[in-house]
Amino acid sequence: MRSLQPPATEAALIDRADALAGATVGALCDSLGHPCPADLRRHKGFIGDLVEAALGAPAGSASAPDFPALGVELKTIPVRPDGAPRGSTWVCTAPLFALDPGPWRDSAVCARLARVLFVPVLGDGPPATRRFGVPVLWSPSADQEGVLAADWDTLTDLLVERAVGQWTADHGVALQLRPKAASSRHRVEVLDHDGDLVETVPLGFYLRRSFTAEILAIEPRLLRP
DNA sequence: AGCTGATCATGC
DNA sequence: GCATGATCAGCT
């Protein structure tokens, strides 16, 4: 799916993303010579991968931003007609075994969210009919970073305390812990707060819908190109 | 309508 | 097997 050089500058990246706005996923598939699945049930990451290719993200850069030279992470995000996201946004895996996850500023979550290019995707029908909105290049405001840092402390405290029963999605204002696995049958063993060996599902950090809604709260007409 | 827990494909 | 990209689907 890769045929383009990475953008040399942030401005070049934004130009490419802007050029997508208004186009359908089907049209982008055509221009990249890539088949478009009839639904996303068994192709959940398809649009994300497609946009990576369209913007020239280098392939297979694990545990690095999508655009390593620019320090920019790419997120395609499905939005409703009013521009609000349809769901939560994956960030990264949660450290279930760390004795000390460390401070917010040194965290993988902080690094991932330092600079993010959100590419909205409108529509909920067949993928080919969905349409790209105007991208938003975001870095957390001081207020937003405060919320994220507080959540980081809350959630990593639960992990460090081995409060396994509390490892649910109900904690955190902007960030939350959620299962991240191929299935619930995939378990990991951890020691709980009593020192007992218990099984749990691998967890990841996600951004709550309300938080990304705030990020994407821009002039709604921009979302209907 | 929204959230939570469950799930799917692919590449390395 | 794990990390990447997310959406699905049941329940409240």
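We name chains A, B, ... by the order of the sequence lines, and we start the count at 1 in each one. Note that the coordinates shown come from a computational prediction; the quantities given were computed from them, not determined experimentally.
- For dG1(C), neither phosphate oxygen OP1 nor OP2 lies less than 4.0 angstrom from any side-chain nitrogen or oxygen of H186(A).
- Within the nucleic acid shown, R208(A) comes within 4.0 Å of sugar-phosphate atoms alone, with no base atom in reach, counting heavy atoms only.
- For T212(A) against G87(A), the heavy-atom pair with the smallest separation is OG1-O, 4.4 Å.
- With rounding to whole Å, H171(A) atom NE2 is found 9 Å from dG5(B) atom P.
- Of the listed nucleotides (dT4(B), dC8(B), dG2(B)), dC8(B) has the atom at the smallest distance from the side chain of R42(A).
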Item checked: Nucleic acid footprint by protein, nucleotides 5-12 of chain C - heavy-atom cut-off 4.0 Å, B for base, S for sugar-phosphate alone -> BBBSS---
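- Every residue was checked against the side-chain contact (heavy atoms from CB on, under 4.5 Å) condition with D15(A), not counting sequence neighbours, and none meets it.
- In this view, P37(A) and L40(A), H43(A), F46(A) satisfy the side-chain contact (heavy atoms from CB on, under 4.5 Å) rule, not counting sequence neighbours.
- Pairs passing the ring-ring contact (aromatic ring centres under 6.0 Å, His included) check and including a residue from residues 170-210 of chain A, sequence neighbours excluded, read W90(A)-Y206(A), W152(A)-F205(A).
- At the heavy-atom level, A169(A) lies under 4.0 Å from the strands shown only through sugar-phosphate atoms.
- The salt bridge (charged side-chain N to carboxylate O under 4.0 Å, His left out) contacts involving residues 162-172 of chain A comprise nothing, where partners must be two or more places apart or lie in separate chains.
- Checking the phosphate oxygens (OP1, OP2) of dT7(B), a side-chain nitrogen or oxygen of S184(A) falls inside 4.0 Å.
- Within the structure, salt bridge (charged side-chain N to carboxylate O under 4.0 Å, His left out) contacts touching residues 94-111 of chain A (residues at least two apart or in different chains) are R105(A)-E145(A).
- Take the nearest nucleotide of DNA chain B for A182(A) and for D170(A): the residue whose nucleotide is more 5' is D170(A).
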